[in-house]
Amino acid sequence: MAGKKRPPTVLAELDPAASDSSQDEAAARAAPAGEVPAKKKKKLAMEVRKQRKQLDKDRHRQSAEKAAAAPKPQPAPAAAVEEAAAAVPVPAPAPAAAPVVAGPGLHMNVFRDLASPEASLREAAAEALVAELLEVQRAYEKEKAAREEEGEGDRDGHSQMEAEKEDGLDNCAPAVRYAIRRLIRGISSSREFARQGFALGLAAVLQSIKAISVEAVMKLIPALLEYSASMKGPEAKDNLLGRLFGFGSLARSGRVLGQWKRDKSSPILRDFVTEVVQLGNKKRYLTEPAVALILDLTRKLPDEAVFSEVLDTPCVQDWFNRAANVGDPDALFLALKFQERTNVQREIFGKLLPYPFSLDIFFTEEHLLSLAACFKESAFCLPRIHSIWHVITDMLIREEASQSDNNTSSSKKHKKSKKGSSSEDSKKNLRNFCEVIIERSLLLSSHDRKHLAFNIIIDLLPRLSPSSIQVILSSKVVLGLMDILSNASSWLYNAGQHFLKELVSLVSNDNDRCVAVIINLQKYSFGRFDSLTKTRTVKGLIAKIQNGQDCLHLVQNLMALFVDEGSVTDEPSDQSQTTDENSEVGSIEDKELAGEGNADLLKSWVVNTIPFVLKNLKLTSKGSSLTDSEMIKCIEEKFQVQTEILKFFAVQGLFSASLGTEVTSFELQEKFKWPKAAISTSLRNECIEQLQLLLEDAQKDEALHVSGVKSNDLGFYFMRFINTVCNIPSVSLFRTLSSNDDNAFKKTLATESALFQEERKIATGLDSTKMHVIRYLLIQLLLQVLLHPEEFWEAAIDVIICCKKTFPSIAQCDNSSAPESVEGGTEESDEDGSEEPNEDGSLESIDVLVQTFLSVLPHVSGPVCFAIEQVFRVFSDEITETGLLDMLRVVKLDLKGSRRQTDSDDDEDEARVDIEDDDEMEDADVGNVDDATDEMGEEMEDDSADEVDEDQDDLEETVDNKVKDGDDAEATKDGEDSDDSDGMDDDAMFRIDPYIARIFKERNNLPGSETQQSQLMRFKLRVLTLLEIYLQRNPGKKLVLEVYAFLMQAFVKSHSADGNEQFRQRIGGILQKRIFKAKECPKGIDVELSRLESLLQKALHLASRSRYKAVASAAQNATFWILKIINSKGCSKQELASVVDKFQYMLNDYFSNKKSRLKIGFVKEAFRRNPWVGRELFGFALQKIGSTKAEYRRVQTLELVDCILKSWVGDDVSSASKVLKKHMALLCELMQEILTKMPENKSRRQEVRRFCTRALQTVTRLNLKEKFQKKLSSEAYTLCEAQLGAAFVPFRQ
């Protein structure tokens, strides 16, 4: 059962199980029937329904158990009964009951299987039900016919009982009547899959058993499934859905249509449509499936029958007439479906469809406004999209497709005009639909309708052309989406994210659609879609475009967006047009979109995005895997995109048209266009800067191309383009140049052209490379001249002069090509003083070039710096000491103090004072010291580290101020021998001062600009890059020592309180990588030993006195590097004596001064690499061990002496013997003293024994045993014998 109360029924033809089941059901119903009136006032209706359902479940279970337990009837019982009847005479009534028991019956388990979750079981149950009912009906009809022939009545009384129901099923067997009623009640059940299964069974039974009256079933469905306005909750919903499924079963069975076909005058079809329409009007959720049921029923009807039996019915006409006013999307859906099928031109659809009907009239603004209520009400079924939208979408797409077909089939004579008009009509209808329905109806309404609008757009997008996408993604749609995504707490935030995700996935594989989406999103958000929505949608879409032609297509669209500003400014940007009382309040940033400067924001985004598109075509990862032909194709594609971008930036950034906004160049065969409104200065500057970056990238890409594949010269193309555009009469530069700038501009053009011609003449080599890099430097300087008035013309002239001196053929070519302009330019340059630095002839052209670089490096952009680096790289072999020192002085520049103060004090004194100031810093600052790796210090760490720290803390606490003064004086004395004692003369200072003067320029001190210190630091870092290039290409030159000296001083000063971390790390990296670890070191007779000794002394001082680990580590590495250079000179012992003195002074300071921070591990490593130094200091070390009071330092020195002894293993035996003989007495005394005062610490005692053992082994190896025994006192002998044990056995007397 389906949970519905049934009247008692007696089935005469059921099998025993069925009979028992019927009796149980009657008993079960009888019990609550008497109780319900008594409990009516106590129980609620919901409880009664629950009780009924529970009784139904119990009854089903009991019937199933009885059916399984009862034996199945055998096929032979009928014959057996007949034989028994013939053999045994019985009264007359007995034989009449036998056929009833033995006849066909209905099993209850088929109803249970109709509600099964598995579709196959439901289908099998329906087939079994039909088969059983057919047998029952045949038996009933046969028996009824036999009774009629015999003239007997219904002796069993079953027919009378069923007739009392008056259900109209008079010709059906009782089991069939029962099945029909039970099936109708079952389709109203809310159990899972019950409604589907019982509807399937009902349709199958109606289709198979013709005796069932269709009219009777149509009346029985509403009679059994009662509904009234007072009914609420699940019961009303179940009954209404049951009715819908019942009428659906009637339609699917084909009985309604079949009966009408047999008798076309029958009102069955009209009655059925009336019942379905009335049912659909009861609830909103029933209307759409009711329409689907009507369409399914009338699918096989002829058009005339559709009009007479469906459309002309009063209920349908009344429905159509009021649908437009109340907003019924289902009526509109039905009308469009019938119009599509019949193509009727009759006024039978009320206001839903225009008369006469056509797509152009339907999509007019007036008609769409009349249907706006219907479209709004279709949002009730979200998240599912109503069927009306699929029809509307098909109409829009079908119209576009049909017009496209008409265009292709039209004659060639009118093809162009028809194509344009058809396309415009299609876009007009789509535009009307989007404006009226999407923008004005849905987006301005509730959240559900906004959500519906985005769903419709997603449904439309895959089927629209790229040009139509620009129509549907209008300004209001984009602004509405931004309003949603800008607020994460919005009710529609998840819907907006889903829309954006679907949008990206739809256009990802179609670059044309992708470009259209990019343009529209940025066009109506003024280039700020990603920033306002906090996504990376636009950037992600741009990154997907990697093909050359697609990149070119996107770039062209971006250029058109930049120029065609009318389409942007005409669109409304008021955020309120996409919001209503239900929408979230837009953010402040959203409201700012309506302010001034929106067009500039969009143009700025275009300017900065175009280079990003070009990055997708880089060949860095493909260059090694492509063949030459593929590489050439890629280069050509990229060059084509580069030239388009270059022309755009050049036209928009450098030129302006005096007549209109469009200019045609007949020489280039191109048309140039500018925006109607004048381009702002900031936008022009951005264009020029992007132009510089484009040329820089082109220069970088040239190094990536494989050999044999020649790249295109973008620089030459740019200069030729500039010359051509300058010759157009109606085009001029965006600003009027001063005389100096104009002179530099013209000379730069001429010199670059001459360099290009000369480069083409000579073979590939160093000279051609020099010309090429200088050409690009001139191009960058030309753009700097245009970008910054009266600032860079001198630099451009100086570079041109250096070019003419370096390449005399350039000057000859220049004189022959343009003598007048060159002469005028020379005179002007003389007057301006551009050649003043070289008037005395003391400076080489390369020095002038270096000074020019230094004059522009503080303020030029990154591309100009890159061009300077490339020029410096190819000319680095020619750099003189003058130019190099100019660069090194920049590294030590400081804004503190004046030039005279700097002149009065040596730079070394400043460095030394900085070093001594390090000693005077408080201990609290030690924690802020750079924790650079100190490899030498880590190697000599002892097990007694805790005690060492305590000793050092005690030493630091007892530091006396007088000792500080003495150290300061000593440092000042050392400073007199500084490597920078050359004393910067006035000429040098006047060359340096302009650099600082440029930093103090007023334009750089405006509010919001960089600070003077940051500008100076940027200047230093750029100079360091040039110095690193020099060191990389000239590691063995003498000037490397000068570079080291300056960099080391700057490195020490950078550790002061106001030092810059980036500057410090950069210098440390250059020292370590380009100097200390370089494959070559300065060699030759030009390297003076006195200079090396001076540098060594400072390095040793820093290694022993600096509290900064990074400085001490750099000084230690510098010591090893300087000693390596000294060893390469092959100096005599007398010449090396001063070197030994430096080490001895350092060790003496270690033993006598508590401020010394010398790491013995560093000294051991120096002695290991340079054994001759340790051999000379062996006696000094032995003396210092004996006089050292601190136990820790005594043990440390023992390790040092032990290291010296180890170095004698592979040394010359004779020289080692001489040294040991000379200091044998000191060695014996030392052993006696240290064995007498054995340390208490276990590890230190082991170190003492290890040293003594090493000394004995060395004496034995050098055959000095007898000499040692003679020098050893009796007391020392006793100590050695007691403390050394087996190691002293060979020396026993």
Side-chain angles (χ1 to χ4, degrees), residues 478 482 514-515 517-546 550-565 567-568 589 592-593 595-618 638 641-655 673-675 677-701 714 718 734 780 783-784 786-788 860-866 1008:
V478 174
M482 292 167 54
C514 187
V515 170
V517 170
I518 292 171
I519 295 300
N520 273 44
L521 290 181
Q522 294 297 94
K523 178 183 190 179
Y524 300 120
S525 64
F526 300 101
R528 303 170 62 192
F529 184 85
D530 282 355
S531 62
L532 294 179
T533 59
K534 300 177 180 64
T535 62
R536 296 180 58 86
T537 304
V538 176
K539 289 184 179 180
L541 290 175
I542 294 176
K544 293 179 183 296
I545 301 178
Q546 299 180 353
D550 294 332
C551 286
L552 183 61
H553 177 58
L554 175 57
V555 168
Q556 291 171 348
N557 277 270
L558 291 174
M559 295 174 183
L561 183 62
F562 182 93
V563 175
D564 188 16
E565 61 183 7
S567 60
V568 179
E589 293 181 346
E592 289 177 354
L593 288 176
E596 297 182 358
N598 289 334
D600 282 352
L601 287 175
L602 180 60
K603 288 182 174 63
S604 177
W605 174 82
V606 171
V607 170
N608 290 281
T609 302
I610 288 179
F612 180 73
V613 178
L614 187 61
K615 291 181 180 180
N616 297 334
L617 292 174
K618 282 193 172 182
K638 184 168 185 178
V641 179
Q642 284 177 327
T643 53
E644 289 296 322
I645 297 175
L646 182 142
K647 290 185 290 186
F648 170 75
F649 284 146
V651 169
Q652 305 301 330
L654 302 180
F655 299 101
K673 188 177 180 180
W674 286 266
I679 303 176
S680 62
T681 303
S682 61
L683 272 178
R684 290 190 184 275
N685 292 344
E686 287 184 16
C687 290
I688 297 175
E689 291 170 359
Q690 292 296 340
L691 193 57
Q692 289 180 313
L693 290 171
L694 180 65
L695 293 169
E696 178 191 6
D697 291 339
Q699 191 176 3
K700 289 179 179 179
D701 289 342
L714 191 66
F718 170 70
F734 70 97
Q780 296 286 2
L783 294 175
Q784 287 293 115
L786 297 176
L787 194 59
H788 302 289
V860 293
S861 59
V864 182
C865 289
F866 177 78

Undergrad: Can you see which heavy atom on Phe718 is nearest to which on Ala650, and at what distance?
TA: CE1-CB, 4.2 Å
Undergrad: Can you check side-chain contact (heavy atoms from CB on, under 4.5 Å) on Ile610 and Met559, steps first, answer last?
TA: CA-CA 9 Å; Ile610 288 179; Met559 295 174 183; 4.3 Å; yes
Undergrad: Out of curiosity, Gln522 CD to Leu561 CG, how far, rounded to the nearest 0.5 Å?
TA: 9.0 Å
Undergrad: Supply the atom-to-atom distance Ser604 OG to Arg528 CZ, rounded to the nearest 0.5 angstrom.
TA: 11.5 Å
Undergrad: Taking all non-hydrogen atoms of both residues, which atom of Ala698 and which atom of Leu714 are closest, and how far apart?
TA: CB-CD2, 3.7 Å
Undergrad: Can you check whether Lys523's main-chain N or O pairs, donor with acceptor, with Trp605's side chain at less than 3.5 Å?
TA: no
Undergrad: Taking all heavy atoms of Trp674 and all of Val651, pick out the closest pair and write down the distance.
TA: NE1-O, 3.1 Å
Undergrad: What distance do Leu694 atom CG and Ile688 atom CD1 have between them, rounded to the nearest 0.5 Å?
TA: 13.5 Å
Undergrad: For Phe648, enumerate each residue passing the ring pair (Phe, Tyr, Trp, His ring centres under 6.0 Å) test, keeping only those at least two apart in sequence or located in another chain.
TA: Phe562
Undergrad: Any side-chain to backbone donor/acceptor pair from Asp564 onto Ala560? Under 3.5 Å, distance only.
TA: no
Undergrad: For the pair Gln652 (side chain) and Lys673 (backbone), establish whether a donor and an acceptor sit closer than 3.5 Å, ignoring hydrogens and angles.
TA: yes
Undergrad: For Ser861, check side-chain contact (heavy atoms from CB on, under 4.5 Å) against everything at least two apart and list the hits.
TA: Gln692, Gln784, Pro863, Val864
Undergrad: Does Asn557 form a side-chain contact (heavy atoms from CB on, under 4.5 Å) with Ile518? I'd like the steps, not just the answer.
TA: CA-CA 10 Å; Asn557 277 270; Ile518 292 171; over 6 Å; no
Undergrad: Who are the side-chain hydrogen bond (donor to acceptor under 3.5 Å, both in side chains) partners of Asn685, not counting sequence neighbours?
TA: none
Undergrad: Using the salt bridge (charged side-chain N to carboxylate O under 4.0 Å, His left out) criterion, which residues pair with Glu689? Sequence neighbours excluded.
TA: none
Undergrad: Using a 3.5 Å distance criterion without hydrogens, assess whether the side chain of Arg684 forms a donor-acceptor pair with backbone atoms of Phe655.
TA: yes
Undergrad: Would you say the side chain of Leu691 lies within less than 4.5 Å of the side chain of Leu654, judging by non-hydrogen atoms?
TA: yes
Undergrad: Which value, rounded to the nearest 0.5 Å, describes the distance between Phe734 atom CZ and Cys687 atom SG?
TA: 10.0 Å
Undergrad: Say you draw a straight line from OG1 of Thr533 to CG of Leu521; how long is it, rounded to the nearest 0.5 Å?
TA: 8.5 Å
Undergrad: Measuring from atom CG of Asp697 to atom CZ of Phe866, what distance do you get when rounded to the nearest 0.5 angstrom?
TA: 9.0 Å
Undergrad: Considering all heavy atoms of both residues, which atom of Ile542 and which atom of Asn616 are nearest to each other, and what is their separation?
TA: O-ND2, 3.1 Å
Undergrad: Would you check if Leu693 and Pro611 make a side-chain contact, meaning some heavy-atom pair closer than 4.5 Å?
TA: no
Undergrad: Excluding sequence neighbours, so at least two apart, what forms side-chain contact (heavy atoms from CB on, under 4.5 Å) with Val641?
TA: Leu552, Val555, Leu614, Leu617, Ile645
Undergrad: With sequence neighbours left out, write down each residue that passes salt bridge (charged side-chain N to carboxylate O under 4.0 Å, His left out) with Glu644, or none if nothing qualifies.
TA: Lys647
Undergrad: Quick one: list whatever passes side-chain hydrogen bond (donor to acceptor under 3.5 Å, both in side chains) with Ser682, sequence neighbours left out.
TA: Ser680
Undergrad: Return the set of residues passing side-chain contact (heavy atoms from CB on, under 4.5 Å) with Asp530 (not counting sequence neighbours), or none when no residue passes.
TA: Thr535, Thr537, Val538, Lys539
Undergrad: Quick one: list whatever passes side-chain hydrogen bond (donor to acceptor under 3.5 Å, both in side chains) with Asp550, sequence neighbours left out.
TA: Asn511
